[in-house]
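All values below were derived from every heavy atom in this structure, side-chain atoms included, with hydrogens, water molecules and symmetry-related copies excluded. Values in this document were obtained by computation on a predicted structure and should not be read as measured data.
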Amino acid sequence: MKNHAFTIRLRDEAAAEKYIAMHREVWPEIVGPGGALETIGVRKLQIFYIDPLTLFMYVEAEDHFEPVRDFLRANDLHPKVQEWDDMMHADGGLLERHPGNDGKLNWAPMRRIHHVDFTGTLPDLDEK
(Lines give C-alpha, C1' and ligand atoms only; values in the text may rest on other atoms or scores of the structure.)
Protein backbone atom coordinates (compact mmCIF):
# COMPACT_ATOMS: atom_id res chain seq x y z
CA MET A 1 0.00 0.00 0.00
CA LYS A 2 1.31 3.47 -0.93
CA ASN A 3 0.25 6.83 0.42
CA HIS A 4 0.18 10.17 -1.35
CA ALA A 5 -0.52 13.77 -0.37
CA PHE A 6 -1.71 16.62 -2.57
CA THR A 7 -2.75 20.25 -2.21
CA ILE A 8 -4.83 22.67 -4.26
CA ARG A 9 -6.57 26.01 -3.78
CA LEU A 10 -10.23 26.90 -3.94
CA ARG A 11 -11.12 29.76 -6.29
CA ASP A 12 -12.93 31.89 -3.67
CA GLU A 13 -15.22 31.66 -0.63
CA ALA A 14 -18.29 30.82 -2.73
CA ALA A 15 -16.34 27.99 -4.38
CA ALA A 16 -15.27 26.74 -0.94
CA GLU A 17 -18.87 26.59 0.26
CA LYS A 18 -20.03 24.77 -2.88
CA TYR A 19 -17.05 22.36 -2.79
CA ILE A 20 -17.73 21.40 0.82
CA ALA A 21 -21.45 20.98 0.14
CA MET A 22 -20.80 18.80 -2.93
CA HIS A 23 -18.46 16.55 -0.95
CA ARG A 24 -21.25 15.71 1.50
CA GLU A 25 -22.81 13.66 -1.32
CA VAL A 26 -20.15 12.58 -3.81
CA TRP A 27 -21.65 10.68 -6.70
CA PRO A 28 -21.56 6.85 -6.48
CA GLU A 29 -19.85 6.62 -9.88
CA ILE A 30 -16.86 8.15 -8.09
CA VAL A 31 -16.94 6.77 -4.53
CA GLY A 32 -19.45 3.94 -4.58
CA PRO A 33 -18.57 0.24 -4.73
CA GLY A 34 -16.96 -0.36 -8.12
CA GLY A 35 -16.71 3.40 -8.64
CA ALA A 36 -13.81 5.18 -10.29
CA LEU A 37 -11.66 5.59 -7.17
CA GLU A 38 -11.90 1.92 -6.22
CA THR A 39 -11.27 0.88 -9.82
CA ILE A 40 -8.01 2.86 -10.07
CA GLY A 41 -6.70 1.42 -6.80
CA VAL A 42 -7.58 4.05 -4.18
CA ARG A 43 -8.43 2.41 -0.87
CA LYS A 44 -8.72 5.49 1.39
CA LEU A 45 -9.05 9.15 0.51
CA GLN A 46 -9.44 12.10 2.86
CA ILE A 47 -9.68 15.81 2.04
CA PHE A 48 -8.95 18.50 4.63
CA TYR A 49 -9.61 22.26 4.46
CA ILE A 50 -7.70 25.16 6.00
CA ASP A 51 -8.08 28.90 5.49
CA PRO A 52 -7.21 30.61 3.31
CA LEU A 53 -8.93 28.49 0.67
CA THR A 54 -6.51 25.53 0.80
CA LEU A 55 -7.25 21.82 0.50
CA PHE A 56 -5.04 18.88 1.47
CA MET A 57 -5.82 15.40 0.12
CA TYR A 58 -4.41 12.21 1.64
CA VAL A 59 -4.67 9.00 -0.40
CA GLU A 60 -3.84 5.40 0.44
CA ALA A 61 -3.71 3.26 -2.68
CA GLU A 62 -2.61 -0.09 -4.04
CA ASP A 63 1.07 -0.41 -4.94
CA HIS A 64 0.28 -0.22 -8.68
CA PHE A 65 -1.44 3.18 -8.28
CA GLU A 66 0.31 6.01 -10.15
CA PRO A 67 -1.41 9.39 -9.50
CA VAL A 68 -0.83 11.05 -12.87
CA ARG A 69 -1.85 8.00 -14.87
CA ASP A 70 -4.70 6.78 -12.70
CA PHE A 71 -6.43 10.03 -11.69
CA LEU A 72 -6.53 10.97 -15.37
CA ARG A 73 -7.72 7.46 -16.31
CA ALA A 74 -10.56 7.73 -13.79
CA ASN A 75 -12.22 10.41 -15.92
CA ASP A 76 -12.59 7.92 -18.77
CA LEU A 77 -14.38 5.30 -16.64
CA HIS A 78 -17.80 6.97 -16.57
CA PRO A 79 -19.23 10.24 -17.98
CA LYS A 80 -20.30 11.31 -14.45
CA VAL A 81 -16.67 11.17 -13.30
CA GLN A 82 -15.63 13.51 -16.11
CA GLU A 83 -18.60 15.78 -15.33
CA TRP A 84 -17.52 15.99 -11.66
CA ASP A 85 -13.92 16.70 -12.66
CA ASP A 86 -15.06 19.47 -15.01
CA MET A 87 -17.06 21.12 -12.21
CA MET A 88 -13.93 21.05 -10.07
CA HIS A 89 -11.22 21.98 -12.59
CA ALA A 90 -12.55 23.44 -15.87
CA ASP A 91 -12.52 27.17 -16.53
CA GLY A 92 -14.76 28.73 -13.92
CA GLY A 93 -14.50 25.57 -11.80
CA LEU A 94 -14.19 25.51 -8.04
CA LEU A 95 -10.45 24.76 -7.86
CA GLU A 96 -7.28 26.44 -9.01
CA ARG A 97 -3.74 25.15 -9.07
CA HIS A 98 -1.50 25.87 -6.13
CA PRO A 99 1.07 28.58 -6.98
CA GLY A 100 4.14 26.93 -8.43
CA ASN A 101 2.37 23.72 -9.49
CA ASP A 102 3.42 23.10 -13.07
CA GLY A 103 2.82 19.35 -12.95
CA LYS A 104 0.45 17.22 -14.99
CA LEU A 105 -2.14 17.07 -12.19
CA ASN A 106 -4.16 20.04 -10.97
CA TRP A 107 -3.58 18.84 -7.41
CA ALA A 108 0.08 19.47 -6.50
CA PRO A 109 1.86 16.42 -5.09
CA MET A 110 3.37 17.00 -1.67
CA ARG A 111 6.66 15.48 -0.51
CA ARG A 112 6.65 13.62 2.78
CA ILE A 113 9.44 14.81 5.06
CA HIS A 114 8.53 13.06 8.33
CA HIS A 115 6.73 9.91 9.38
CA VAL A 116 6.04 8.20 12.70
CA ASP A 117 4.68 4.66 12.77
CA PHE A 118 4.41 2.84 16.08
CA THR A 119 3.76 -0.49 14.36
CA GLY A 120 7.49 -0.91 13.83
CA THR A 121 7.62 -0.39 10.07
CA LEU A 122 9.76 2.34 8.62
CA PRO A 123 8.65 3.71 5.23
CA ASP A 124 11.01 5.28 2.74
CA LEU A 125 10.77 9.07 2.80
CA ASP A 126 10.31 10.84 -0.48
CA GLU A 127 13.61 12.09 -1.84
CA LYS A 128 14.57 15.50 -3.29
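- The minimum heavy-atom distance linking L53 with A16 is given by the pair CD2-CB, 4.0 Å.
- Taking 4.5 Å as the limit, every side-chain heavy atom of Y49 sits out of range of all side-chain heavy atoms of I47.
- Between H115 and R112, the shortest heavy-atom contact is ND1-NH1, 3.7 Å.
- Note: the hydrophobic cluster containing V68 also contains L37 (ILVMFWY, side chain heavy atoms under 4.5 Å, direct or indirect links).
- Both M22 and V26 are members of a single hydrophobic cluster when ILVMFWY side chains are connected at heavy-atom separations under 4.5 Å.
- Within the 4.5 Å cutoff, no side-chain heavy atoms of F56 are placed close to those of I50.
- In this structure, N3 contributes its side chain and E60 its backbone to no donor-acceptor pair below 3.5 Å.
- The nearest pair of heavy atoms linking I40 to H64 is O-CE1, 3.8 Å.
- The closest side-chain heavy-atom distance from K44 to V59 is not below 4.5 Å.
- R43 and E62 are joined by a salt bridge, as a carboxylate oxygen and a charged side-chain nitrogen come within less than 4.0 angstrom of each other.
- For residues 77-87, the set of pairs meeting the side chain to side chain donor-acceptor pair (under 3.5 Å) definition, not counting sequence neighbours, comprises N75-D85, Q82-D86.
- Counting heavy atoms from C-beta outward, L10 and L95 have side chains that approach closer than 4.5 Å.
- Sequence neighbours left out, not one pair with a member in residues 9-38 passes salt bridge (charged side-chain N to carboxylate O under 4.0 Å, His left out).
- At a threshold of 4.5 Å between non-hydrogen side-chain atoms, the residues T54 and F48 do not count as touching.
- At a threshold of 4.5 Å between non-hydrogen side-chain atoms, the residues P109 and W107 do not count as touching.
- Taking OG1 of T7 as the reference point, atom CE of M110 lies at 5.5 Å (rounded to 0.5 Å).
- Between the CE atom of M57 and the NE2 atom of H4 there is a distance of 10.0 Å, given to the nearest 0.5 Å.
- Minimum heavy-atom separation, A74 to V81: O-CG1, 3.3 Å.
- Proximity of H89 to I8: side-chain heavy atoms (C-beta onward) are separated by under 4.5 Å at one or more points.
- The two residues N101 and L105 have their closest heavy-atom pair at ND2-O, 3.1 Å.
- Partners of R73 by side chain to side chain donor-acceptor pair (under 3.5 Å), not counting sequence neighbours, listed by chain and number: D70.
- Considering CG of N106 and CE of M88, their distance stands at 12.0 Å, rounded to 0.5 Å.
- We find the OH-CZ distance between Y58 and F6 to be 11.5 Å, quoted to the nearest 0.5 Å.
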